[in-house]
Q: 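Following this message is one structure expressed as structure tokens.
In what follows, chains carry the letters A, B, and so on, assigned in the order in which the sequence lines appear, proteins first and then strands, with residues in each chain numbered from 1. It should be emphasised that the depicted structure is a prediction, and the values quoted were computed from it without experimental measurement.
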Amino acid sequence: MPELPEVETIRRYLDRTVFNRTIAGISGFAPTIDPEHLPPLSDRTITATSRHGKYLFVDLDSGSSLVLHFGMTGDLLLITGYDSDPPYTRAVVSFSDGSRLAFTDSRRFGRLRWIPDRKAFIVERRLGPDALTISRETFLTITAGSHQRVKMFLLDQHRIAGIGNIYADEILFQAGIRPLRSLHDLDPIRLSLLAAAIVYVLTTAVDRAADFDRYPANWLIPHRSPGERCPCCGEPVSRVMVAGRYAYFCPSCQK
DNA sequence: CTCCATGTTTAGAA
DNA sequence: CTTCTAAACATGGA
């Protein structure tokens, strides 16, 4: 569950549920949590949530934060005191009212850490601007001078934060740009179109709570597999390897 | 058994 | 320095 729309959907879920709850304790195992570097957090209250790219921050009344990254398969589920942990639970945040937040993650690439300052964390990780609301001006600035392939750029969290393999393909499909095109041969009009496609795809996905079944019929996402056809023109989709991942695109609609 | 999977980091090659 | 690839991490599903 882990690109920007999924993380934002989880953040909103937390806002509706654990806001103002008081932590009783955190349990779990490495590498999901790092018990050595987890300070005692009992009696800390959750005061706010926020997100930058694929990182979710849970602020505490002490001024510090928990930071969560969901890797490939991470998710959160709030359960009551009587429920048993869901499958693949790797860490649990317990609250004073008996409820628990289960961090599930079959592949164990996800992480839950404590940090003293979330703004410093974003700077230290050198994350690019968040993709959800990126402006045309900012996008033109960060792309200036880059000779990267456009898909590689979109996936680089240091350039722009939040886009992963699935939504990168959708953004390029909606913008009509092939994943292997180099940024330097896209003119400013094309780049502006691309910036608009980023915001359109991500906001639409967030509006639909990252539920693939609710995505528009002309989206590529349900057709990202060999043998599928383009939802717009019916041509078979193509597949190329970019940045170590498969990129799916329509050779007719994308140039 | 083989291939593939919504991610990040690191080592190394041009 | 920039761009890009492959491998590693760990696990499960087809």
Q: Ignoring hydrogens and angles, state whether a donor on the side chain of A:Thr143 or A:Ser146 is under 3.5 Å from an acceptor on the partner side chain.
A: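 Checked: A:Thr143/A:Ser146 side chains show no N/O donor-acceptor pair below 3.5 Å.
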Q: What is the nucleic acid contact for A:Ser146, judged by heavy atoms within less than 4.0 Å: base, sugar-phosphate only, or nothing?
A: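 The residue A:Ser146 makes sugar-phosphate contact but no base contact.
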Q: Any side-chain N or O of A:Lys54 less than 4.0 Å from the OP1 or OP2 oxygen of B:dT6?
A: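 So the side-chain polar atoms of A:Lys54 never come under 4.0 Å of the phosphate oxygens OP1 or OP2 of B:dT6.
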Q: Is a side-chain donor-acceptor pair under 3.5 Å present for A:Thr49 with A:Arg11?
A: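 A:Thr49 and A:Arg11 do have a side-chain donor-acceptor pair below 3.5 Å.
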Q: Check whether the side chain of A:Arg108 and the base of C:dA10 form a donor-acceptor pair under 3.5 Å.
A: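 Checked by distance alone, the answer is no.
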Q: To the nearest Å, give me how far apart CG (A:Asp75) and C1' (B:dG7) are.
A: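 The answer, rounded to whole Å, is 15 Å.
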Q: May I ask you to establish whether A:Arg178 and A:Phe249 are in a cation-pi arrangement, using a distance under 6.0 Å from NZ or CZ to the six-membered ring centre and at most 45° from the ring axis?
A: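 Judged by the rule, A:Arg178 and A:Phe249 form no cation-pi pair.
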Q: Taking only the side-chain nitrogens and oxygens of A:Arg159, find out if one of them lies under 4.0 Å from OP1 or OP2 of C:dT2.
A: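 No.
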Q: Going by distance alone, is a donor N or O of one side chain under 3.5 Å from an acceptor N or O of the other, for A:Tyr55 and A:Gln157?
A: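 No, A:Gln157 and A:Tyr55 have no side-chain donor paired with an acceptor closer than 3.5 Å.
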Q: How many Å lie between CZ on A:Arg107 and P on B:dT6, as a whole number?
A: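 So the CZ-P distance, A:Arg107 to B:dT6, works out to 9 Å.
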Q: Less than 4.5 Å apart, any side-chain heavy atom of A:Met241 and any of A:Tyr246?
A: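 Contact flag for A:Met241/A:Tyr246 side chains = yes.
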Q: Tell me the partner of B:dA13, counting only Watson-Crick (N1-N3 plus N6-O4 or O6-N4) or G-U wobble (N1-O2 and O6-N3) with both under 3.5 Å; none if nothing fits.
A: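 Across all strands, the one nucleotide that pairs with B:dA13 is C:dT3.
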Q: Rounded to the Å, how far apart are A:Leu76 CG and B:dT6 P?
A: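 Taking atom P of B:dT6 as the reference, CG of A:Leu76 is at 21 Å.
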Q: Measure from the side chain of A:Gln148, starting at C-beta and using heavy atoms only, and say which of C:dT3, B:dG7, C:dG12 lies closest.
A: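 Per side-chain heavy atoms of A:Gln148, the pick is C:dT3.
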Q: With a 3.5 Å cut-off and just heavy-atom distances, do the side chain of A:Arg245 and the base of B:dA5 make a donor-acceptor pair?
A: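 Per atom types, no contact qualifies.
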Q: Answer with base, sugar-phosphate or nothing: what part of the nucleic acid does A:Gly71 contact at a heavy-atom distance below 4.0 Å?
A: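 Sugar-phosphate contact only.
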Q: Measure CZ/A:Phe212 against C1'/B:dA5 and give the value in whole Å, please.
A: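 Rounded to the whole Å, the gap is 12 Å.
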Q: Figure out the CG/P separation between A:Asp211 and B:dT6, and round it to whole Å.
A: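 These atoms are roughly 18 Å apart.
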Q: Among the candidates B:dT8, C:dC9, C:dT5, find the nucleotide nearest to the side-chain atoms of A:Arg149.
A: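 Of the candidates, C:dT5 comes closest.
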Q: On DNA chain B, check which nucleotide each of A:His158 and A:Arg239 is closest to and give me the residue with the more 5' one.
A: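 Counting from the 5' end, the first nearest nucleotide belongs to A:Arg239.
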Q: Determine whether the aromatic ring of A:Phe70 stacks with the base of B:dG7, defined as ring centroids separated by less than 5.5 Å and ring planes inclined by less than 30°.
A: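 Taking the rule of under 5.5 Å and under 30°, the ring of A:Phe70 does not stack on B:dG7.
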Q: Check this for me: A:Tyr200, atom OH, are more than 12 non-hydrogen atoms of other residues, nucleotides or ligands nearer than 6.0 Å?
A: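 Count over threshold, so yes.
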Q: Please check the phosphate of B:dT8 (OP1 and OP2 only) for any side-chain N or O of A:His69 closer than 4.0 Å.
A: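 Indeed, a polar side-chain atom of A:His69 lies that close.
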Q: Starting at CE of A:Met152 and ending at C1' of B:dT8, how long is that distance when rounded to a whole Å?
A: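 Rounded to the whole Å, the gap is 13 Å.
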Q: How many Å lie between CG on A:Asp156 and P on C:dC4, as a whole number?
A: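 Value for this atom pair: 10 Å.
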Q: Between C1' on C:dC4 and CZ on A:Phe153, what's the gap in Å once rounded to a whole number?
A: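 These atoms are roughly 16 Å apart.
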Q: If you measure from the P atom in C:dA7 to the same atom in B:dT2, how many Å do you get, rounded?
A: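 It comes out at 15 Å once rounded to the nearest Å.
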Q: Counting only Watson-Crick or G-U wobble pairs whose two distances fall under 3.5 Å, which nucleotide matches C:dA10?
A: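 Its partner: none found.
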Q: If you measure from the C1' atom in C:dC4 to the same atom in B:dT6, how many Å do you get, rounded?
A: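 Straight-line distance between the two C1' atoms is 22 Å.
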Q: Check whether any side-chain N or O of A:Tyr246 sits under 4.0 Å from OP1 or OP2 of B:dC4, and answer yes or no.
A: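 The answer is yes; a side-chain N or O of A:Tyr246 sits under 4.0 Å from OP1 or OP2.
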